[in-house]
There are 2 protein chains.
Amino acid sequence: MTLAFEPGQLIYENQLAESLSVSRTPVREAIRSLVNECLLEVLPQRGTRVAYISVKKVLEARFIRSLLEQGAFRIAAAEWSAEKKTVSNKAIQRMLEEQREAAADGDITVFLQLDEAFHRVIMEEAGNATLLNVVYQMRGHLNRLRYMALRQYRHMPQIVEEHERLFEAIAANDSELAGRLLELHFGKLNDEMSELRALTPHYFID
Amino acid sequence: MTLAFEPGQLIYENQLAESLSVSRTPVREAIRSLVNECLLEVLPQRGTRVAYISVKKVLEARFIRSLLEQGAFRIAAAEWSAEKKTVSNKAIQRMLEEQREAAADGDITVFLQLDEAFHRVIMEEAGNATLLNVVYQMRGHLNRLRYMALRQYRHMPQIVEEHERLFEAIAANDSELAGRLLELHFGKLNDEMSELRALTPHYFID
DNA sequence: ACATGAATACTTGTATACAAGTAATCCGAC
DNA sequence: GTCGGATTACTTGTATACAAGTATTCATGT
């Protein structure tokens, strides 16, 4: 996710097993799991390749996340109630504060974690664990690109601001606004991807 | 999927391996894959349980399928063009005809396959393979229930008719209508589930 | 020089042996 | 008769040995 393993790089079960001091069996299971997220692809009898960032798959994953999160955010906004305000409000405000700090520090890894945490908290309000899992699965396609984008553009403060607006819309029970803001929130990905691909073309495919 | 393995039943890697004449290793991989689809759950050091049909998970999966398929069907309807009409129309018409036959014969397994095929063909028109995969993943939650419903209610002809209407809406480029019809198409699941649960309560949970 | 093909050094796929943990059973003490 | 605890017979988790396939290398013949 942090590009410590470069897209296109070949990795080997033996190497990983040895470096982690376990046998191949659990390593294989982990690999299968990452294959599911399309972060790896197994080349039979040849090795395992760190998946290239597929422009097509990124756009597909974005479309899915957009549909699902809009659905969840709309529910969260519609159901946001006075009780929840007192219980969750503080937690979310604190989370946003931490995000501002991470943005100020330029700590990409922590920022991404908090970013995910924000989206997760809102989706949990919609009470659909399966949806959360699916969105989580889409991470693989998206997060490496987001990591690159954050490293390149340092636009973390702007993202925090968008989160704040999103939360305001939800707290105001404005489903429509929340949906539209979320759509905008995902919107820039397209242009960013083109530029990032121009910078490191050997990471990309499609 | 056909309830040949009953919800709640315990299965064992050794047994499966022997009955399939393979070792535990590939059986374990298959089990992990089905765990991902929530059709199985591993009880460490005790066995593997065929998952109960979770009312909550079924509803969650239905919500997800509804969001995603509506997104895909809307695109398919919007992009349906004259060229596609000549190429795909015949294939889809033939598929619907086969479905009518399966409905007449009361062949649930074939009918379910053709039902999936119809949805798949339309989604393929939207050109989003990842979305197709996710919808496919939701099968686990939904198809066992659909199988029970078809066995119980024998309402297959009605479903074919709904498919025909859906296809008409798409061919007429009517995105809105396609979306609404699809929502209706998923609509009855709720009532059916309550009744089916009353018939075989030991298959259900939540 | 160059094409061809066998040998080699890898890889993942599969089978099996062993470790560790669960739960029921059985036996004995009270 | 009943409770408690060690034993036993399972299970899955992990490690390792072997099978099968890939791609390179290197020798050989033209």
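Below, read A as the first sequence line, B as the second, and so on, with proteins coming before strands; counting in each chain starts at 1. Just the heavy atoms: all of them, side chains too, but no hydrogens, waters or symmetry mates, feed the values below.
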Problem set entry | Backbone of B:Glu183 reached by a side-chain donor or acceptor of B:Gln70 within 3.5 Å | no
Problem set entry | Cationic N near anionic O, under 4.0 Å, A:Glu116 to A:Arg146 | no
For this session: Would you mind reading off the bend of the helix from C:dA1-D:dT30 to C:dC30-D:dG1 from its two end axes, five pairs each, to 10 degrees?
Result: 20°
Exercise. Does a side-chain heavy-atom distance below 4.5 Å link A:Arg144 with A:Tyr203?
Worked result: no
Exercise. What are the bounds, 5' to 3', of the part of DNA chain D that sits under 4.0 Å from heavy atoms of chain B?
Worked result: D:dT11 to D:dT14
Can you name the atoms? Protein N/O to nucleotides 21-24 of chain C N/O, anything below 3.5 Å, with the distance.
unit_1: C:dA23; atom_1: OP1; unit_2: B:Arg46; atom_2: NE; d: 3.1

Problem set entry | Basic-acidic side-chain contact under 4.0 Å: A:Glu192, A:Lys188 | no
Exercise. Side-chain contact, heavy-atom cut-off 4.5 Å: B:Phe111 with B:Val160?
Worked result: yes
For this session: Using heavy atoms to find the nearest nucleotide of DNA chain C for A:Thr25 and A:Thr48 separately, return the residue whose nucleotide is more 5′.
Result: A:Thr48
For this session: Give a yes-or-no answer on whether the side chains of A:Tyr136 and A:Arg139 include a donor-acceptor pair shorter than 3.5 Å.
Result: yes
Exercise. Base, sugar-phosphate, or nothing for B:Ile11, non-hydrogen atoms under 4.0 angstrom?
Worked result: sugar-phosphate
For this session: Kindly assign one of parallel, tilted or perpendicular to the pair A:His119 and A:His185, based on the angle between their ring planes and the thresholds 30° and 60°.
Result: parallel
For this session: Report yes if the side chains of A:Leu96 and A:Gln99 come closer than 4.5 Å at any heavy-atom pair, otherwise no.
Result: yes
Exercise. Is the number of heavy atoms from other residues, nucleotides or ligands under 6.0 Å of A:Arg197 CZ greater than 12?
Worked result: yes
Problem set entry | Beyond-backbone contact of B:Phe167 with B:His163, side-chain heavy atoms, under 4.5 angstrom | no
